[in-house]
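Step one of this worksheet: look at the structure below.
In what follows, residues are counted from 1 in the order of the sequence shown. Just so you know, ligand 1 is whichever comes first in the structure, and atom 1 is the first atom listed for that ligand.
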Amino acid sequence: MDACRLFLSLVLMMSTPRGKSEASKSSCLNLDQDFYSLIKGEAFYYVSYAMDDTKLPDENITWYKNGPEIKNMTTNETHRIHYHGGALLFLNISANDSGTYTARHITPSGECFYYHLKIEVFNEINRENLTFGSIKNSDQNKKIPCPQHIEDTCTTFNGNFTWFKGTNLLPGHHEATLRVENAQKDDEDIYTCICTWTHNHKVYNSSGSRKLFVVGVRVKLNCTVYCGINAKLDCKASWRINGEPVNQMNGYNETTKLEIEDLSKNTFSTAILTIEMVSAKDFQHEFKCYGSGLYTTNATTFTFKQRESILPLITAGVCVFVVGVFAAVLLKYFAIDLALLFRPYFLPGRDNQDGRVYDAYVVYQTQSLDKETEKKLSNFVTKTLPSVLEDKCGYRLFIQGRDDIPGEDRVELVERCIKQSRRLMVILTPGSGSEMIKDPTSDHTSVIGGFDWQVGLHHALVQREMSVILIQLGETGSQGYTHLPPGLQHLIHKSAPIRWPEGLQKASKWNSHFWKRVQYLMPATPAKKSDLSTMI
Ligand SMILES: *[C@@H]1O[C@H](CO)[C@@H](O)[C@H](O)[C@H]1NC(C)=O
Ligand SMILES: *[C@@H]1O[C@H](CO)[C@@H](O)[C@H](O)[C@H]1NC(C)=O
Ligand SMILES: *[C@@H]1O[C@H](CO)[C@@H](O)[C@H](O)[C@H]1NC(C)=O
Ligand SMILES: *[C@@H]1O[C@H](CO)[C@@H](O)[C@H](O)[C@H]1NC(C)=O
Ligand SMILES: *[C@@H]1O[C@H](CO)[C@@H](O)[C@H](O)[C@H]1NC(C)=O
Ligand SMILES: *[C@@H]1O[C@H](CO)[C@@H](O)[C@H](O)[C@H]1NC(C)=O
Ligand SMILES: *[C@@H]1O[C@H](CO)[C@@H](O)[C@H](O)[C@H]1NC(C)=O
Ligand SMILES: *[C@@H]1O[C@H](CO)[C@@H](O)[C@H](O)[C@H]1NC(C)=O
Ligand SMILES: *[C@@H]1O[C@H](CO)[C@@H](O)[C@H](O)[C@H]1NC(C)=O
Ligand SMILES: *[C@@H]1O[C@H](CO)[C@@H](O)[C@H](O)[C@H]1NC(C)=O
Ligand SMILES: *[C@@H]1O[C@H](CO)[C@@H](O)[C@H](O)[C@H]1NC(C)=O
């Protein structure tokens with residue numbers, strides 16, 4: 001423990017209610033506070049994502065509630081609030097439970113962490129204001145995932161999901177993700193998933209809500225009819241949809257206006273049909289504009305055409321099975337190329353406005369590796385990775401070990417640089433993390449479960465600030481990923497690591513499939529160089 005880190009921890013400690021007495025005992029690293037809004041009468045199962053091992057002995061963690069007087073939490077399972085291993089449980093939450101809770105955790109390697117949790121308890125009627133992130137995209141079919149902590153609770157206790165739209169039960173929906181096919185404006189609502197789970201033979205509910213926004217393309221169709229000179233009698237343009245007059249109830253709106261030019265007295269009638277949100281059904285409709293004058297009537301027809309998309313490739317392939325399979329394989333393989341090709345045209349710069357300096361923060365295990373792996377890893381991290389992502393693609397990486405600034409306090413540096421990065425890139429090596437014993441003579445911050453990982457996973461999982469890119473170097477080894485910290489396993493479960501096919505000449509080319517996959521996961525546009533110069 002260097003003096004600098006001790007000082008930082010001391011400063012952090014001062015601000016916690018436990019004050020100096022605890023701080024003088026040992027130094028503990030404060031992790032960022034998690035915040036949850038909860039509903040009275042429900043249950044809440046909390047595990048900090050920064051926690052490596054949820055099965056730790058109860059003695060190694062203590063939870064207490066902050067306040068004028070500190071209340072120790074119990075491990076007695078009959079109590080309404082208790083903790084067990086890495087988890088804190090609130091059963092039948094009451095309004096009085098609002099407040100901040102802190103856990104002090106000593107890891108096997110002797111490191112000490114403070115986890116902070118803040119909860120606020122609300123009544124059911126406030127649900128509309130307690131949503132966990134909204135769904136707002138232009139997809140026709142929407143996916144509404146149950147908030148992650150509820151899904152985790154349901155997985156842990158083998159519970160059942162039910163879904164509500166507003167206050168109405170949606171029968172037959174028991175998945176962690178609700179799908180709304182061909183979403184229309186009236187699908188816009190607050191969706192709530194309730195997980196019903198059992199603990200010690202009692203049934204509990206935990207719920208979370210999300211707001212769905214249905215954003216669609218709004219289209220205006222103008223139809224102008226020329227009726228002649230000074231022909232304002234009976235000059236009228238109007239729209240009909242499938243032969244029917246426009247019905248405002250169906251998301252259509254028609255306005256008409258008559259115009260007579262000042263000098264020429266040319267007379268026009270314009271009908272503007274507004275389609276609030278173009279949906280699939282509009283592709284089957286016939287839109288017809290009628291122009292009527294005093295003596296004649298004329299009409300013109302308009303239909304929507306689906307833009308050419310890659311979808312028909314798959315559907316058309318159904319006719320001939322062999323062709324279908326081929327097309328699907330081809331499409332899957334080329335999907336990334338297609339996405340990369342078109343990416344600059346979509347969401348240009350959206351990612352780029354976050355002001356972050358690095359495109360990725362690269363972490364890897366540096367200790368307890370065999371010689372051969374160490375050599376491969378070092379080669380990949382210091383040569384291959386920068387030569388492609390930095391030199392060819394123009395990304396800016398923070399590579400642990402390479403970019404550390406000598407003399408700078410590591411704890412502070414890691415926190416700051418991770419916050420300045422848009423992706424966390426985790427390089428997994430065979431047997432990563434299998435060796436967790438700390439060598440007291442050196443600063444083992446890079447062993448899995450060490451500090452960089454903790455902070456990185458925390459930002460990725462809890463704060464959802466950055467996405468993670470997992471790269472597997474070589475084989476996984478016999479144990480698979482089971483030995484890794486649960487936070488990391490959770491990520492691996494969500495998206496399989498990209499395997500670096502070492503030794504393959506083809507793969508090392510910068511335009512290989514491997515690098516395309518990596519590039520696809522990287523931000524669309526590299527971080528601006530100018531941001532960097534302002535920071536340094
Ligand atoms: C709470 O627990 C800590 C140790 O975990 C102990 O030092 C303290 O006295 C306890 N406080 C109360 C009020 O029981
Ligand atoms: C748990 O608490 C209940 C009620 O407060 C008590 O009866 C029981 O003995 C406690 N169990 C343990 C193991 O302390
Ligand atoms: C939950 O707690 C409230 C008081 O806060 C109590 O009235 C109610 O009976 C409890 N419900 C259950 C299921 O224990
Ligand atoms: C909540 O706290 C108040 C005052 O602290 C107390 O009077 C009340 O009984 C508590 N209610 C519950 C449900 O514990
Ligand atoms: C529990 O803490 C002790 C030190 O207090 C440590 O030796 C032991 O390895 C820890 N165990 C686990 C599983 O965290
Ligand atoms: C939700 O929030 C809005 C704006 O803050 C407020 O006007 C409304 O009353 C709140 N609804 C409930 C049920 O608290
Ligand atoms: C979940 O559903 C299964 C099957 O429908 C049922 O057997 C089980 O009791 C349910 N669990 C809870 C907690 O409701
Ligand atoms: C759980 O939620 C369901 C659906 O709202 C409700 O029917 C049930 O009574 C709730 N159970 C508990 C224990 O709160
Ligand atoms: C449609 O009509 C509106 C109002 O007259 C006008 O502002 C708009 O430019 C017209 N659009 C087209 C494509 O002609
Ligand atoms: C129809 O469009 C006009 C002009 O854009 C607007 O003033 C009117 O409120 C709209 N009516 C409906 C029902 O949306
Ligand atoms: C309707 O308009 C088209 C051109 O827009 C014209 O060719 C056609 O002759 C018109 N029909 C009648 C009946 O006026």
Side-chain angles (χ1 to χ4, degrees), residues 13 16-26 28 37-45 56-76 79-86 88-95 97-106 112-116 120-134 146-147 150 153-154 157-176 178 188-211 213:
M13 281 303 309
T16 70
R18 291 219 118 178
K20 280 188 212 164
S21 62
E22 190 79 14
S24 54
K25 255 193 258 163
S26 71
C28 251
S37 299
L38 305 171
I39 290 183
K40 211 169 101 183
E42 293 195 341
F44 178 51
Y45 169 77
L56 56 114
D58 290 349
E59 306 83 75
N60 286 29
I61 189 158
T62 46
W63 274 101
Y64 53 89
K65 184 178 182 186
N66 301 299
E69 55 173 327
I70 285 154
K71 272 192 270 176
N72 286 351
M73 299 289 122
T74 166
T75 53
N76 184 333
H79 284 223
R80 206 172 52 78
I81 308 177
H82 65 266
Y83 68 92
H84 180 62
L88 177 64
L89 281 92
F90 296 81
L91 308 169
N92 191 11
I93 300 165
S94 93
D97 299 336
S98 291
T100 59
Y101 296 78
T102 300
R104 187 167 183 274
H105 172 209
I106 319 260
C112 171
F113 293 97
Y114 276 121
Y115 304 96
H116 301 282
E120 203 168 334
V121 180
F122 293 89
N123 282 323
E124 172 77 39
I125 49 160
N126 295 105
R127 188 181 284 286
E128 62 171 296
N129 288 345
L130 307 178
T131 54
F132 288 86
S134 46
C146 188
I150 306 293
T153 304
C154 240
F157 293 97
N158 202 13
N160 299 333
F161 291 101
T162 38
W163 281 91
F164 287 78
K165 174 181 189 289
T167 54
N168 303 321
L169 176 72
L170 296 172
H173 290 280
H174 300 291
E175 300 292 321
L178 180 73
E188 203 167 274
D189 212 329
I190 291 179
Y191 289 82
T192 303
C193 61
I194 297 187
C195 173
T196 306
W197 49 282
T198 329
H199 179 58
N200 289 338
H201 313 293
K202 285 201 182 115
V203 178
Y204 298 101
N205 279 348
S206 301
S207 75
S209 305
R210 289 189 194 274
K211 184 158 172 60
F213 289 94

Can you tell me how far apart [atom1] ([X]) and [atom2] ([Y]) are? Round to the nearest 0.5 Å.
X      : Y      : atom1 : atom2 : result
Leu178 : Arg210 : CG    : CZ    : 11.5 Å
Lys71  : Ile81  : NZ    : CD1   : 7.5 Å
Tyr191 : Ser209 : OH    : OG    : 12.0 Å

For the cysteines Cys146 and Cys195, is the SG separation below 2.5 Å?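 No, Cys146 does not link to Cys195 through a disulfide.
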
Give me the ring orientation class for His199 and Tyr204: parallel if the planes are under 30° apart, tilted from 30 to 60°, perpendicular past 60°.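 Rings of His199 and Tyr204: tilted, as their planes differ by 30° to 60°.
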
Taking the inter-plane angle between the rings of Phe90 and Tyr101 on a 0 to 90° scale, is it parallel (under 30°), tilted (30 to 60°) or perpendicular (over 60°)?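 Correct class here is perpendicular.
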
Neighbour count >12 (heavy atoms, 6.0 Å) for atom NE2, His173: yes

Can you list every pair where an N/O of ligand 8 is under 3.5 Å from an N/O on the protein?
unit_1: ligand 8; atom_1: 2 (O); unit_2: Asn205; atom_2: ND2; d: 2.2
unit_1: ligand 8; atom_1: 11 (N); unit_2: Asn205; atom_2: ND2; d: 3.0
unit_1: ligand 8; atom_1: 14 (O); unit_2: Asn205; atom_2: ND2; d: 3.2

Which ligand 6 atoms does [X] reach within 4.0 Å, using its non-hydrogen atoms?
X      : value
Asn126 : 12 (C), 14 (O)
Glu128 : 11 (N), 13 (C)
Ile125 : 13 (C)

Residues two or more places apart in sequence or in another chain: which of them pass salt bridge (Lys or Arg N to Asp or Glu O under 4.0 Å) with Glu175? none

Please determine if Thr62 has a nitrogen or oxygen closer than 3.5 Å to a nitrogen or oxygen of ligand 1.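 No; the residue has no nitrogen or oxygen that sits under 3.5 Å from a nitrogen or oxygen of the ligand.
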
